[in-house]
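Here the structure comes first, spelled out in structure tokens, and everything after it is commentary.
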Amino acid sequence: MIYTCTMNPAIDLFVDIDSFEPSVVNRTNAEDYQANGKAINISIMLKRMGLENTALGFIGGFTGKYIENELKQQGIDTRFIEVDGITRINTFVRAQDKEYKIVNQGPTIPVEKKKELIYQIKSIPTGSMLFVSGSLPQGISEEIFVEIAETSCKFNILK
């Protein structure tokens, strides 16, 4: 089985406007909402290639539910860990020939939820494949990559 892990997923909101002016109401011409995160994108592409996979990571609030529902509608199994707070929404504004990117931080992940993710990864069956990608949420240090790598050695991915 293939698993993907996005620890700091997001809804990406893309809007197109004629011009982007301060202190006025800027009305959009078009908008698009997408469930996003580096490893979520891997899950989506794997599914489009006909490969079953399970998405892991942290989600919170109504935005986390939106991401989970979007993936399930695409036939992707999810086993997200729910956290307090709201999964981030990033905004990308296209105005004429310029693009403005507003990327939020997302919720802070407590230690017990990090431990829950590591336990979940430990329960992945031997012989499985795990993709971990994307930015880290608040409360999670880069050391988690080492912990996940050590935990994942049992998968026998690298032969």
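A quick note: this is a predicted structure, and the numbers were derived from the prediction, not measured.
- Looking at heavy atoms from C-beta onward, M7 lies in side-chain contact with I144 at the 4.5 angstrom threshold.
- For A10 against N90, the heavy-atom pair with the smallest separation is CB-ND2, 3.3 Å.
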* Checking salt bridge (Lys or Arg N to Asp or Glu O under 4.0 Å) for the pair E68/K65: CA distance, chi angles, key distance, verdict? -> CA-CA 5 Å; E68 187 170 44; K65 287 295 182 194; 3.5 Å; yes
* To do: Give the C-alpha distance, both sets of side-chain angles, the deciding distance and a yes or no for side chain to side chain contact (heavy atoms under 4.5 Å, CB included) between F14 and Y33.
  => CA-CA 7 Å; F14 296 91; Y33 299 87; over 6 Å; no
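- Y100 is connected to I17 through a chain of hydrophobic side-chain contacts under 4.5 Å among Ile, Leu, Val, Met, Phe, Trp and Tyr, so both are in one cluster.
- For Q34 (side chain) and I11 (main-chain N/O), no donor-acceptor pair under 3.5 Å exists by modelled atom type.
- The main-chain N or O of N104 is found under 3.5 Å from a side-chain atom of R88 such that the two form a donor-acceptor pair.
- Side chains of L130 and C5 form a contact here, defined as non-hydrogen atoms less than 4.5 Å apart.
- Looking at E143 and V146, their side chains never come closer than 4.5 Å, going by heavy atoms from C-beta outward.
- Taking 4.5 Å as the limit, some side-chain heavy atom of K114 sits within range of a side-chain heavy atom of I140.
- By the 4.5 Å heavy-atom criterion applied to side chains, I59 and V83 are not counted as neighbours.
- No more than 12 heavy-atom neighbours from other residues, nucleotides or ligands sit within 6.0 angstrom of CD on Q105.
- Applying the side-chain hydrogen bond (donor to acceptor under 3.5 Å, both in side chains) test to residues at least two apart or on different chains, the pairs with a partner in residues 44-58 are S43-N53, K47-E52, T54-D77.
- Summarising the local packing, CD of E142 is surrounded by 12 or fewer heavy atoms from other residues, nucleotides or ligands at distances under 6.0 Å.
- Rounding to the nearest 0.5 Å places CG of L13 at 8.5 Å from CG of D32.
- Looking at F80 and L56, their side chains never come closer than 4.5 Å, going by heavy atoms from C-beta outward.
- In this structure, R94 CZ and D18 CG are separated by 13.5 Å, a value rounded to the nearest 0.5 Å.
- Heavy-atom neighbours of D84 CG from other residues, nucleotides or ligands within 6.0 Å: at or below the threshold of 12.
- For the pair F92/V15, no side-chain contact is recorded, criterion being any heavy-atom separation below 4.5 Å from C-beta on.
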Check: residues 20-27 side-chain donor-acceptor pairs under 3.5 Å, at least two apart:
{"unit_1": "N26", "atom_1": "OD1", "unit_2": "E21", "atom_2": "N", "d": "2.9"}
{"unit_1": "N26", "atom_1": "ND2", "unit_2": "E21", "atom_2": "O", "d": "2.8"}
{"unit_1": "N26", "atom_1": "ND2", "unit_2": "V24", "atom_2": "O", "d": "3.2"}

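- The backbone N or O of T87 sits less than 3.5 Å from a side-chain atom of T63, completing a donor-acceptor pair.
- In terms of heavy atoms, I42 sits closest to S133 at CD1-CB, 4.4 Å.
- More than 12 heavy atoms of other residues, nucleotides or ligands shown are found within 6.0 angstrom of CZ on F145.
- Checking side-chain atoms of S128 against main-chain N and O of I124 turns up no donor-acceptor pair under 3.5 Å.
- The side-chain heavy atoms of Y3 and S152, taken from C-beta on, include no pair separated by under 4.5 Å.
- No continuous path of hydrophobic side-chain contacts links I86 to L136 [ILVMFWY only; heavy atoms under 4.5 Å].
- Test T4, N36, T6 against N41 for side chain to side chain donor-acceptor pair (under 3.5 Å) and you get one pass: N36.
- Rounded to the nearest 0.5 angstrom, E147 CD and K122 NZ are separated by 7.0 Å.
- Considering CD1 of I44 and CE of M49, their distance stands at 12.5 Å, rounded to 0.5 Å.
- Note that CD1 of I81 is 9.0 Å distant from CD1 of I109, once rounded to the nearest 0.5 Å.
- Using a 4.0 Å cut-off between charged nitrogen and carboxylate oxygen, E116 and K113 count as a salt-bridge pair.
- Under the 4.5 Å side-chain heavy-atom criterion for ILVMFWY residues, no single connected hydrophobic cluster contains both Y119 and F58.
- Atom-to-atom distance recorded for I76:CD1 and L51:CG is 11.0 Å, nearest 0.5 angstrom.
- Closest approach of G85 to P107, counting heavy atoms only: CA-CB, 4.2 Å.
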